[in-house]
Protein chains: 2
Amino acid sequence: MTEAPLQEIKADPSITDRVRDSIREAIIDGRLAPGSLHSVQSLASSFGVSRTPVREALIDLEGKGMVEFERNRGVRILQTSIHDLEEILALRILLEVPAAHRAAEQATEETAAALSDELQAMRRAARDRDEVTMMAHDRRFHEIINEASGNSRLAAYVDDLRDLILTRGVSTVGRSRDLPAIVREHEAILAAIESNDSAAAAKAMKDHLVNTSSLLLRQESDAAGTEPNVRWAELVIG
Amino acid sequence: MTEAPLQEIKADPSITDRVRDSIREAIIDGRLAPGSLHSVQSLASSFGVSRTPVREALIDLEGKGMVEFERNRGVRILQTSIHDLEEILALRILLEVPAAHRAAEQATEETAAALSDELQAMRRAARDRDEVTMMAHDRRFHEIINEASGNSRLAAYVDDLRDLILTRGVSTVGRSRDLPAIVREHEAILAAIESNDSAAAAKAMKDHLVNTSSLLLRQESDAAGTEPNVRWAELVIG
DNA sequence: ATGTAGCCGGTAGCATGTTACTTGCTGGAG
DNA sequence: CTCCAGCAAGTAACATGCTACCGGCTACAT
């Protein structure tokens, strides 16, 4: 006979897990400056733990391309270059547009409702000019779609890629465009998914990502040459 | 004035690096059986090193989805499930078909020559019925194309995905189809790239990957239901 | 002033010690 | 025979010890 658990077991995140999250946050918000060099020892004492979990967390982050060990020197905080940004955004287009297509085919009531919730939260954040909250719900919105595609690896990989974008310390928003415009693009995506119109969902997602990419790359490089990411975008449906 | 180096410096791969490669090989060729549980201590003594580099190597492999730590129990060798296989093959189609398109646009003499070399080696291996050598050159062939697309992250990610496929211990070849057929598919890809016909390159790559996927999934699941990976394939050009 | 040999502090990489926990086993109670 | 408490073995996670090596600094030679 199987008993229902009285209480959900607490996952007991390890010290390594917590340190990894802390370091990732610190990199994203710039407290660990791109290009700067740090020793495992100094990080460990600032967290009040031993060197081992810090080192293990850094090995993880090295695998995701956020830091790099330099033998006998320290660990370098990496900055994603313009070229990295182009690669990452191209990958997002290649993966998320088909994912939106598949998600629209298979979307259930629950996923549509969850997306609607996130969109509502984005509207509120847009009204309040709260860019940080906006970004968080934007991220969750995309994550739900990617998971609804049925390909969990795709969702996880895109999520990792987004951390790398943040490593530049840029907001997707940018000065030139306002938050309501972004909300509108997501509304189009949601509408297509709700009506199970997969072709429209793909097109809406593609438009959104191409817009975001162009804006981001122009904002970062300002010497706006030809944008190679639109050439990748030509290679997906929608 | 810059001097030419008298001798190429040897990169001095760390113990961790060598252990990681050894463990990966052992997983792929089945010496570390899928689902089996091992202690860091036992692995360390079998390699004749201390526990630290072994643990660090395993953390790397955990990030790539090949193993999983179980607290106070050991480290579990993971087997990629049928569903994992579907996800991975879908990702390869999504990424490698556009990559072939871009590679054909930008291909130089050198890349075409390198591809030709690999293809030649594949022909020899096919004639000798040497499946292992065949696979190695097949892998390198795809890697060259992916790198020629200009997106190094894409190439690196696809390479990681291929390790996961091998974790099932399957050969791409299968009993049902012969090596020369595979060579022919690659010949079509190379021909398109040599003539800078990007649309044809994408189509050839798509055909090749869809064929390989179908074969692999049928061989593994043998209860061949509808194959969801062809539904992903509909979403890319070619 | 300039170049440089050698010292020295600091570091990652690796080895080893410690701890809390999980699990299989065993033996005794019912 | 069945059940389970408690013991013992083994483990990952974490802490700490050790070492070769890198690079900046200094001070001396030219």
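A note on names: the letters A, B, ... follow the listed sequences, proteins ahead of strands, and every chain is numbered from 1.
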Just how far, in rounded Å, is [atom2] of [N] from [atom1] of [X]?
{"X": "B:Asn72", "N": "C:dT18", "atom1": "CG", "atom2": "P", "value": "18 Å"}
{"X": "A:Arg76", "N": "D:dC22", "atom1": "CZ", "atom2": "P", "value": "16 Å"}
{"X": "B:Ile15", "N": "C:dT16", "atom1": "CD1", "atom2": "P", "value": "11 Å"}
{"X": "B:Glu70", "N": "D:dA12", "atom1": "CD", "atom2": "P", "value": "10 Å"}
{"X": "A:Arg20", "N": "D:dC14", "atom1": "CZ", "atom2": "C1'", "value": "15 Å"}
{"X": "B:Leu37", "N": "D:dA12", "atom1": "CG", "atom2": "C1'", "value": "11 Å"}
{"X": "B:Glu68", "N": "D:dT11", "atom1": "CD", "atom2": "P", "value": "18 Å"}
{"X": "B:Arg71", "N": "C:dT19", "atom1": "CZ", "atom2": "C1'", "value": "10 Å"}

B:Ser14 vs C:dA12: side-chain N/O to OP1/OP2 distance below 4.0 Å: no

Gap between atom CG of B:Asp84 and atom CG of B:Leu89 - 0.5 Å precision: 10.5 Å

Euclidean distance, A:Ser50 OG relative to A:Arg55 CZ, rounded to 0.5 Å: 12.0 Å

Could you pull out all donor-acceptor pairs under 3.5 Å where a side-chain atom in residues 113-122 of chain B meets a protein atom, sequence neighbours excluded?
from: B:Glu118; atom 1: OE1; to: B:His137; atom 2: ND1; distance (Å): 2.6
from: B:Gln120; atom 1: OE1; to: B:Arg123; atom 2: NH1; distance (Å): 2.9

Nucleic acid contacts of residues 40-67 of chain A, taken as heavy-atom distances under 4.0 Å to DNA chain C: A:Val40, A:Arg51, A:Arg55

Pairwise side-chain contact, B:Ile145 with B:Ile193, heavy-atom cut-off 4.5 Å (strictly under): yes

Min side-chain heavy-atom separation B:Asn146-B:Leu154 under 4.5 Å: yes

Pi-cation contact, B:Phe47 with B:Arg18 (under 6.0 Å, within 45°): no

Salt bridge [X]-[Y], side-chain N to carboxylate O under 4.0 Å:
{"X": "A:Asp130", "Y": "A:Arg124", "result": "no"}
{"X": "A:Asp163", "Y": "A:Lys64", "result": "no"}
{"X": "B:Asp159", "Y": "B:Arg162", "result": "no"}

Axial bend angle, the helix from C:dA1-D:dT30 to C:dG30-D:dC1: five-pair end segments, nearest 10°: 0°

Nucleotide nearest A:Arg73 (side chain, heavy atoms from C-beta), chosen from D:dG23, D:dG10, D:dA20: D:dG23

